[in-house]
Amino acid sequence: MKKLAAIISFSLVWQQCFCWGFFAHKKINNYAVFLLPPQMLVLYKPNADFITQHAVDPDMRRYAVTEEGPRHYIDIDHYGKYPYDSLPRKWNDAVAKFSEDSLRENGIVPWWVQTMLYRLTDAFKEKNQAKILKQSAEIGHYIADAHVPLHANSNHNGQYTNQQGIHGFWESRVPELLADKEWDFFIGKAEYIKDPGNFIWQRVLESAAASDTVLKYERELTKEFPPDQKFSFENRNGVVVRQYSSAFAKAYDAKLKGMIERRMRQAVFAVASFWYTAWVNAGEPDLTKLSNKEFSADDLREFESLNNSWKNGKIKGRDHE
Ligand SMILES: [Zn+2]
C-alpha cells in the first residue's frame, strides 16, 4: 500500500508538468519557423534550434520568479459568463475596474502576449539579433499557452471535479503520443495580424469555450472505460510512474474529434503570424544585416540560471496546473 501511495504521489508530481508540455511547446515554435517568408527564414531557419529549445524558458522562469506564473493563463470564468463582457479587453480599463493585483491573481496571458509583441517589435527595430531570437522564442510560448482550453478556466487541473492530472493529459500526454505519428502540420503561411489584441482575445475566448468540453469528455470517458485500463504504469529511468494509458488517450482524442491537433495547428499559425507582424511593424528590417549576433554574458547567465532553478526548484506562486 505504501509503495502504491509512493507511486501515485510521484506520478502526480510528474504529470504536473508544464503548459503545452516541453514536447509540444518545442514543436509549436519549430513548426512556426517554416511558415515565415524568405526574408525572415534567412534568420529563423539557421536559428531554428535556438527558437525550439528556448520555447520552454518561460515555464522554467516560473521556478525562479513569482510574477511569471500569471503570464501563462487567465481564469476567465472569474469574470462571469461567456463572453465575459464585464472584463475590459484593454489593460488600463481592466486595471481601473478590477485593480492590477486582482487581474494578476486571475492570470494575464492575453495582455502579456501584447507586451511581448512590443518587445519583439523593438528588437526588430534595434536590429538586435540576440534579442529578436530570445523574444521570438518566448512570445511563442505565451501564444501557445493562450490556445490551451485549461489555461482559460479556473478548474485548470480538474481540481474541483476530481479530475486531477487532466491538464498534463490534454497538453502533454496526448500530443506526445500522437503529434509525430498522426497529426498534420502542413499549415501554409504566416499572415499579418491587423489587430493583435483582438486576435489573442479571440483565441482565449475559444479556449474558454472549449474548456468545458475538455473536462466533460474526460468524465464521460472515465465512466465508459474499464477502471483498470484508464492508467498504465511505465518505467522511466528506473522509477515507475502512473500515466493515462495510450488506449484511454486515443479514445479521448477521438472523442474530442481532433481538438488538440486543431489547437496545436492554430498555435503554430498564430506564433508565426505574430513574429511576422512584429517584423512588418518594425519596417521589415533586413535580417541579413543585424548586430548583436552573439548572446551577451547576461543572456547566457540567465539561460543557465533558468535551467538550474527548473532542475532544482519548485514553482513560485500559484501553480497553474
Ligand atoms: Zn506556460
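We count ligands from 1, going down the list as the structure has it; atoms in each ligand are counted the same way. Owing to the predicted nature of the structure, the values given are computational and were not obtained by experimental measurement.
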For the residue pair H54 and D57, confirm or rule out a side-chain donor-acceptor distance under 3.5 Å. yes
The atom name of the N, O or S atom in H72 nearest to the Zn ion (ligand 1) is ND1
Metal site the Zn ion (ligand 1): N/O/S of H151 inside 2.8 Å: no
Do NZ/NE/NH1/NH2 and the carboxylate oxygens of R119 and E138 come within less than 4.0 Å? no
Of all the N, O or S atoms in D59, the one nearest to the Zn ion (ligand 1) is OD1
For the Zn ion (ligand 1), find the closest N/O/S atom on D145 and give its atom name. OD2
R301 charged N/C atom sitting above F303 aromatic ring, 6.0 Å / 45°: no
Centroid separation under 6.0 Å, is that true for the rings of Y244 and F231? yes
